[in-house]
Amino acid sequence: MRTARLAAALVLAALACAACGKEGSPPTKGPAAGKLPEYRVAAGFELPRSSTWRKAKSRGRFIVGAKEDQPYLGEKDPATGTYSGFDIEIAKMVSASLGLDPRRIEFRTIASANRETALQNGQIDFYVGTYTINDNRKKLVGFGGPYYLAGQGLLVRDDEKDITGPGDLDGKRVCSAAGSTPYQRIQQDYPKADLVAYDTYSVCVDNLLTYQVDAVTTDDAILIGYAAKVPDELKVVGKPFSKEPYGIGVPRRDNALRLAVDDALAAGEKNGDWEKAYDATLGLSGVPAPKPPAIDRYPAN
Ligand code: GLU
């Protein structure tokens, strides 16, 4: 049992360390390439009112912020440096719709706590990585979408009996990512939980497997992926206890880009690419494709 747990921890450590480029880490499994949609690059597309788009166009590619250690959503293969997952597909779909070859996207891993700064200082053109739209963040960045609706959940060890929902967290060590909405919710609504933060959820999961923490909390979509990697060791418990609509982060003042991203999402949902992308990525975790949430084309603020 302990050996299995250690092996599982090592698998996740490899995931967490995808950026370290260490030789010998087992490559993480990406979705079957054959089933992924082929996004058609919109010929002659122009978005002159967007300074972000103009910059990307002259560069010949978008620079997109993403996650690299979230199974089925955003994963980086440590051997090849290739990113895969649902969020990555959404980024490709948008890039093609905005007239730039999705195969040329340069992905950069940005942790939850650093997303707003990365968009504000122009380090990335847009961000796709389990990024919840909310009013606080809207003061700092713009959001296209939402393109998916997640909800906060709890991941525990398979033999855990005491924790079945957020009401059971008093005195328990709970791990989440710094700067995330799940972290803030536990801090505010469940102050008796012994909350710890790391930069990434994969470090939290490692700590769970090695008994340093009792639960990991974040979006169900993320937790289901970790549980699927080591199903004998981990389980997701209870019902989702928040709404986490995923948006595409853009620089706050670039409304032209934000609305073009909304158009790109709407088109991909209509022509079947969204569902195809879901089925080949997040769908592999066993949850059938939901209906995407309504896109919120909010006025410039
Ligand atoms: N969706 C939540 C958030 O944006 C949690 C996932 C994440 O940290 O990326 O904060």
Side-chain angles (χ1 to χ4, degrees), residues 12 15-16 18-19 64-76 83 85-91 107-120 124 126-155 166 174-190 193 195-208 213 215-227 236 238 240-250 252 281-282 285 287 290 292-293 296:
L12 286 154
L15 255 180
V64 178
K67 296 290 183 72
E68 66 173 35
D69 64 339
Q70 299 185 171
Y72 305 119
L73 286 157
E75 278 185 285
K76 184 176 168 184
Y83 287 73
F86 185 57
D87 284 333
I88 304 304
E89 292 305 310
I90 295 291
F107 286 102
R108 289 194 187 154
T109 300
I110 310 276
S112 297
N114 303 330
R115 292 182 282 211
E116 290 80 24
T117 322
L119 284 165
Q120 284 170 327
I124 53 175
F126 61 89
Y127 186 94
V128 195
T130 62
Y131 196 9
T132 294
I133 303 171
N134 66 29
D135 289 344
N136 275 339
R137 289 174 176 170
K138 271 188 186 170
K139 291 176 193 151
L140 305 169
V141 301
F143 283 106
Y147 61 90
Y148 183 78
L149 182 64
Q152 187 167 352
L154 292 169
L155 182 74
V174 184
C175 192
S176 196
S180 71
T181 49
Y183 178 89
Q184 286 156 10
R185 189 165 295 103
I186 297 294
Q187 202 176 34
Q188 276 155 29
D189 299 351
Y190 304 94
L195 185 59
V196 291
Y198 289 99
D199 284 348
T200 64
Y201 299 109
S202 49
V203 173
C204 283
V205 174
D206 262 338
N207 277 279
L208 179 64
V213 301
V216 177
T217 188
T218 185
D219 305 335
D220 48 3
I222 301 173
L223 297 177
I224 287 166
Y226 289 123
V236 177
F241 52 97
S242 76
K243 284 198 168 61
E244 308 291 332
Y246 288 173
I248 297 184
V250 299
R252 181 163 180 268
T281 56
L282 204 46
S285 67
V287 182
D296 178 20

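Source: prediction; values computed, not measured. Every number for a ligand or one of its atoms is a count from 1 in the order of the listing. Quick note: residue numbers are just sequence positions, from 1.
Judged by distance alone, with hydrogens and angles left aside, the side-chain atoms of Glu68 form no donor-acceptor pair with the main-chain N or O of Lys76 at under 3.5 Å. Listed for the Arg115 side chain is a donor-acceptor partner under 3.5 Å among the backbone atoms of Gly129. Asp87 places a side-chain N or O within 3.5 Å of a backbone atom of Thr130 that can act as its donor or acceptor partner. Between the side chain of Asn134 and the backbone N or O of Arg137 there is at least one donor-acceptor pair closer than 3.5 Å. At least one donor-acceptor pair under 3.5 Å links the side chain of Ser242 to the backbone N or O of Gln152.
Residue-level proximity to ligand 1 for Gln152 is absent, since no heavy atom of it falls below 4.0 angstrom. Heavy atoms of Pro182 found under 4.0 angstrom from ligand 1 belong exclusively to the side chain. Counting heavy atoms under 4.0 Å from ligand 1, residue Arg115 touches it through the side chain alone. At a heavy-atom distance under 4.0 Å, only side-chain atoms of Asp219, from C-beta outward, approach ligand 1. Neither the backbone nor the side chain of Ala177 comes within 4.0 Å of ligand 1, counting heavy atoms alone.
Which parts of ligand 1 touch Lys67 is read off a 4.0 Å heavy-atom cut-off, strictly below it: atoms 7 (C), 8 (O), 9 (O). Interface of Ile222 with ligand 1, defined as ligand atoms under 4.0 Å from a residue heavy atom, comprises 6 (C). Interface atoms of ligand 1 facing Arg137, defined by a heavy-atom separation under 4.0 Å, are 3 (C), 4 (O), 10 (O). Residue Ser180 has at least one heavy-atom neighbour below 4.0 Å for each of these atoms of ligand 1: 8 (O), 10 (O). Within ligand 1, counting atoms from 1 as listed, the ones closer than 4.0 Å to a heavy atom of Thr130 are 1 (N), 2 (C), 3 (C), 4 (O), 6 (C), 7 (C), 9 (O). Taking every heavy atom of Thr218 and a limit of under 4.0 angstrom, the matching atoms of ligand 1 come to 5 (C), 6 (C).
Here CG of Asp220 is found 10.0 Å from CZ of Phe241. Values are rounded to the nearest 0.5 Å.
Using a 3.5 Å distance cut-off with no hydrogens or angles, the side chains of Tyr201 and Thr218 do pair a donor with an acceptor. A donor and an acceptor atom, one from each side chain of Glu116 and Tyr127, are nowhere located under 3.5 Å apart.
Heavy atoms of Tyr246 approach ligand 1 to within less than 4.0 angstrom. Contact analysis puts Gly129 in contact with ligand 1, with a non-hydrogen atom separation below 4.0 angstrom. Distances shorter than 4.0 angstrom do not occur between any heavy atom of Gln184 and any atom of ligand 1.
Classification of the Tyr147-Tyr246 ring pair by plane angle, with boundaries at 30° and 60°, yields tilted.
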